[in-house]
Amino acid sequence: MEISVIGAGYVGASVAACFADLGHDAAVVDIDEERVAAINDGRSPIHEPGLDERVARTAGDRLVASTAYDPVPESDLTFLAVQTPSNEDGSIDTSVAEAAAEMTGEALADADADDHAVVVKSTVIPGTTADLLGPAVADAAGLTVGETLHVGVNPEFQREGTAVADFLDPDKLVFGHDDDPAVADLLHEAYEPLRAALDHEVPVVDTGTREAEMIKYANNAFLASKVSLANELGNICKRYGVDSYEVTRAIGLDDRIGASFLRSGVGWGGSCFPKDADALIAAARAADYEPELLQAAVNVNDRQPGLLLDLLDEHVDAAGERVAVLGLSFKPGTDDVRNSRAIPVIEGLRERGATVVGYDPVATENMRAVFPDAEYADSAAAALDGARAAVVVTDWDEFAALDAEFDAMAEPVVVDGRRIVERREGLTYEGLTW
Ligand SMILES: NC(=O)c1ccc[n+]([C@@H]2O[C@H](COP(=O)([O-])OP(=O)(O)OC[C@H]3O[C@@H](n4cnc5c(N)ncnc54)[C@H](O)[C@@H]3O)[C@@H](O)[C@H]2O)c1
Ligand SMILES: O=c1ccn([C@@H]2O[C@H](COP(=O)(O)OP(=O)(O)O[C@H]3O[C@H](CO)[C@@H](O)[C@H](O)[C@H]3O)[C@@H](O)[C@H]2O)c(=O)[nH]1
C-alpha cells in the first residue's frame, strides 16, 4: 500500500518508518530540509530509540522523504502529522495544519487525483477535521468530502522515547471516519501488517471523527490528571513524613486505579500534556463550560518546580553558587525539551543568582537553544564537580547509578525531583514528594 505522511517530526518520522518497515511504501513530506535530508541519508531526524535502524533499513527503498508534495497523489492514503501548537491563550493553533491541508489539496488538484483519503493524525479539537481540515483539502483539490475525497481521524498515542515500540504494539487503534467505508477500509489495510505481526488482538475503535479527536484529548487529560493527583498526594505525604511511593505502589494494585502514571515528582512536561490540557480547557471555556478539575491538574503541575526549589532553599542559598541540573529533557529516552520541567527549574535558579550547569545524556543541544548562555557539562560527574548542590529533574537511569560522583561536591546536597538518586550516608538528600 502507498502511504504518504505530512510532517517528519516525532510522530510523522516514526509512523512513516514503521509503516515502511512493515512493508508499505511510505513517503514523508516535510518543509524542513534538514529532516528530509536526514531520512534520505538513512538517519532518523530525531532521537527516538529504534528509529535509526528502521530508517536505515528502509530509506531509499520503501521509505522516501521530500520537501515537495508530489508523492501525495501517488499514494492511497495521506496522514497529516504536523504540529498543532497553542495560541497565547492556550487554545489550539490550527494554522500549520490548515496550511498542510491546503498544500495536500493542491497536490491532489495538480495531479487530478480523486478517491484519495486524508487522515488527521495530529491532535485536534473535536470538529477540526470535519469542519476545517477536510474542507481545506477539498477546496484546494476541487474535490467533495465523502464522494471524491475521504477524510478521517487516526489519533496517535505513542510516547516519546518509546514511540516505535508503542506504535508497533498499541493498546488500541482508533479509526474515526464518520461511516465513510473508504477511510475505514484504508485504515484497516494500513494497520493490517502491524496487527498480523502481534501475537495478541489489538482492539480497534471504529468511530466518528469528532469522537476520535476527543478520545485523544480524553486520554491525555486522564493521564496528566492522574500524575497531578499522584503529585498532590505526594506533596501531602511529604508533609506527614509518609513515603509516597509506598502509598502509590499500594493503591496501584487496585485494578480500578492501575499502577502506571503514579510516579510523583516535578511534574509533567513535553510537547503533549501541557499543550493538550490547555487546548481542552480553552475549548471547554469556548463552549461555556468551566473545566475545574482539569484546571486544578494544570495548577498542581505548575507548582511542582517551585516546590522543588523551595526545598533547595531550605539547604542552600543558591545566590552566586554553582548548581547542577541533572536532566534537561522532559522525560528520559528523548532529546525533547519542549515544556521540560527543567525550564522553570533553571529559570528559578537563575532568579536566585545561581550559576546553572546542566547535564543531559542527549538533550543538551536542544536546551542550549533555550538557554544559550547556561553552562553545560559532558557528564553528570563533570556537572557535579565543584557544584554547591544538585537538582534532579529527569529520571534518566544513569542518575540511579551516581554515587562517588557526589563526592566531587564540597558538601553534597541533592534535591531529587524524580526519586532516582539513592539516599546514602554523607549525602544531604531531599526528595520532592517523600
Ligand atoms: N510528539 C508526540 O509524541 C506525539 C504523540 C501523539 C500525538 N502527537 C501530535 O502529533 C502532531 C505532531 O507532533 P510532533 O511532535 O510530531 O510535531 P513536530 O513538531 O515534531 O513535527 C511536525 C513536523 O511537521 C512539519 N511541517 C509543518 N508544516 C508542514 C507543512 N505544511 N508541510 C510539511 N511538513 C510540515 C514540521 O517541519 C515538523 O517537522 C501534534 O498534533 C501532536 O500533538 C504528538
Ligand atoms: O508517573 C508518571 C508518568 C509520567 N510523568 C511525566 O509525564 C510527562 C509525560 O510523560 P509520557 O506520557 O510518558 O510522555 P509523552 O511522550 O508526553 O506521551 C504522552 O503524550 C503523547 C502525545 O499526545 C501521547 O501520545 C502519549 O500517549 C502520552 O503518554 C513526562 O514529563 C513524565 O516525566 C510523571 O511525572 N509521572
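One-based numbering, in listed order, for ligands and for the atoms of each. One-based numbering along the sequence shown.
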- request: Answer whether the closest heavy-atom distance between the side chains of Thr433 and Gln304 falls below 4.5 Å.
  value: yes
May I ask you to decide if Asn231's main-chain N or O and Asn235's side chain share a donor-acceptor pair within less than 3.5 Å? yes
Only one of Arg423, Arg419, Lys238 passes salt bridge (charged side-chain N to carboxylate O under 4.0 Å, His left out) with Asp243, and that residue is Arg419
* Asked: Does the Asn154 side chain pair with the main chain of Val119, one donor and one acceptor, at a distance under 3.5 Å?
  -> no
Problem set entry | Arg57 and Asp21: CA distance, side-chain angles, deciding distance, salt bridge (Lys or Arg N to Asp or Glu O under 4.0 Å) verdict | CA-CA 8 Å; Arg57 249 196 322 258; Asp21 209 33; 2.7 Å; yes
Residue, atom and distance of the protein heavy atom nearest atom 10 (O) of ligand 1 read Val11 CG2, 3.6 Å
Backbone or side chain, does any N or O of Arg263 fall under 3.5 Å from an N or O of ligand 2?
yes
Exercise. Any salt bridge between Arg210 and Asp131, counting N to O under 4.0 Å?
Worked result: yes
From the list Val298, Leu293, Asn220, Leu294, side-chain contact (heavy atoms from CB on, under 4.5 Å) partner of Ser225 resolves to Leu294
- SB check Glu246 Arg249 (cutoff 4.0 Å): yes
Are Asp52 and Arg43 close enough for a salt bridge, meaning some N to O gap below 4.0 Å?
no
min-distance protein heavy atom vs atom 11 (C) of ligand 1 -> Val82 O, 3.3 Å
Query raised in the report: Are side-chain heavy atoms of Leu328 and Tyr359 found at a separation under 4.5 Å?
Result: no
If you scan protein heavy atoms around atom 24 (O) of ligand 1, the nearest is Gln83 OE1, 3.3 Å
| said: If you measure every N or O of Glu160 against every N or O of ligand 2, does any of those distances drop under 3.5 Å? | reply: yes
Atoms of ligand 1 under 4.0 Å from any heavy atom of Ala81, numbered from 1 in the order shown, are 12 (C), 22 (C)
key: Ring centres under 6.0 angstrom apart (Phe167, Phe157)   = no
| message | Less than 6.0 angstrom from the centroid, inside 45 degrees of the normal: does Lys226 satisfy that with respect to the ring of Phe261? | response | no
The protein heavy atom nearest to atom 41 (O) of ligand 1 is Thr84 OG1, 2.6 Å
Flag if over 12 foreign heavy atoms under 6.0 Å of CG, Asp254: yes
If you scan protein heavy atoms around atom 28 (N) of ligand 1, the nearest is Val96 CG1, 3.4 Å
- [ ] Determine, using heavy atoms of Gly269 and all atoms of ligand 2, whether some pair is separated by less than 4.0 Å.
- [x] yes
Under 4.0 Å between heavy atoms, the region of Arg418 that gets near ligand 2 turns out to be side chain
Practice problem: Please determine if Trp268 has a nitrogen or oxygen closer than 3.5 Å to a nitrogen or oxygen of ligand 2. | Solution: no
Closest to atom 19 (C) of ligand 2 among protein heavy atoms sits Phe273 CE1, 3.5 Å
Would the number of heavy atoms belonging to other residues, nucleotides or ligands and lying under 6.0 Å from CG of Asp89 be above 12?
yes
Does ligand 1 have an atom under 4.0 Å from some heavy atom of Arg338? yes
Check: of Phe261, Tyr217, Phe167, min heavy-atom distance to atom 4 (C) of ligand 2 comes from Phe261
Out of Asp276, Val29, Thr123, Asp32, the nearest non-hydrogen contact to atom 7 (C) of ligand 1 is supplied by Thr123
re atom 14 (O) of ligand 2, the protein heavy-atom contact at minimum distance is Lys331 NZ, 3.1 Å
Original post:
Can you find an N/O atom of Leu223 closer than 3.5 Å to an N/O atom of ligand 2?
Top reply: no
**Prompt:** Any chance the rings of Phe19 and Tyr191 have centres within less than 6.0 Å?
**Reply:** yes
- prompt: Strictly under 4.0 Å, does any heavy atom of Ser260 approach an atom of ligand 2?
  reply: no
If you scan protein heavy atoms around atom 3 (O) of ligand 1, the nearest is Glu160 CG, 3.4 Å
Q: Would you mind checking if Arg62 and Asp25 are paired as a salt bridge, meaning a charged N to carboxylate O distance below 4.0 Å?
A: no
Below 3.5 angstrom, do we get any N/O pair linking Val227 and ligand 2?
no
The protein heavy atom nearest to atom 29 (O) of ligand 2 is Arg159 CG, 3.3 Å
query: At the 4.0 Å heavy-atom cut-off, does Tyr69 count as touching ligand 1?
result: yes
Quick look: Lys216 vs ligand 2, heavy-atom contacts under 4.0 Å, and the answer is side chain
Heavy-atom proximity to atom 23 (C) of ligand 1, picking from Asn219, Asp30, Thr334, Val36, points to Asp30
Under 4.0 Å from one or more heavy atoms of Cys272, ligand 1 contributes atoms 2 (C), 4 (C), 44 (C)
SB check Arg368 Glu365 (cutoff 4.0 Å): yes
In this structure, atom 17 (O) of ligand 2 is nearest to the protein heavy atom Phe330 CE1, 3.4 Å
- prompt: Any N or O on Phe157 sitting closer than 3.5 Å to an N or O of ligand 2?
  reply: yes
Atoms of ligand 2 under 4.0 Å from any heavy atom of Leu262, numbered from 1 in the order shown, are 1 (O)
Quick note on ligand 2: atoms under 4.0 Å from a heavy atom of Gln158 include exactly 21 (C), 24 (C), 25 (O), 26 (C)
closest protein heavy atom to atom 6 (C) of ligand 1 is Glu156 O, 3.1 Å
Tell me, please, whether Trp268 has Arg338 positioned over its six-membered ring: NZ or CZ under 6.0 Å from the ring centre and within 45 degrees of its axis?
-> no
Numbered in order shown, the ligand 2 atoms found under 4.0 Å of a heavy atom of Cys272 are 20 (O), 21 (C), 22 (C), 23 (O)
Asn220-ligand 2 polar pair, N/O distance under 3.5 Å:
yes
Self-check item: Val421 vs Leu427 side-chain heavy atoms within contact, under 4.5 Å
Solution: yes
Mind checking whether Asp395 has an N or O less than 3.5 Å away from an N or O of ligand 2? no
In this structure, atom 43 (O) of ligand 1 is nearest to the protein heavy atom Lys275 NZ, 2.7 Å
Are any non-hydrogen side-chain atoms of His200 and Asp169 less than 4.5 angstrom apart? yes
Ligand 2 atoms nearer than 4.0 angstrom to some heavy atom of Glu156 are 25 (O)
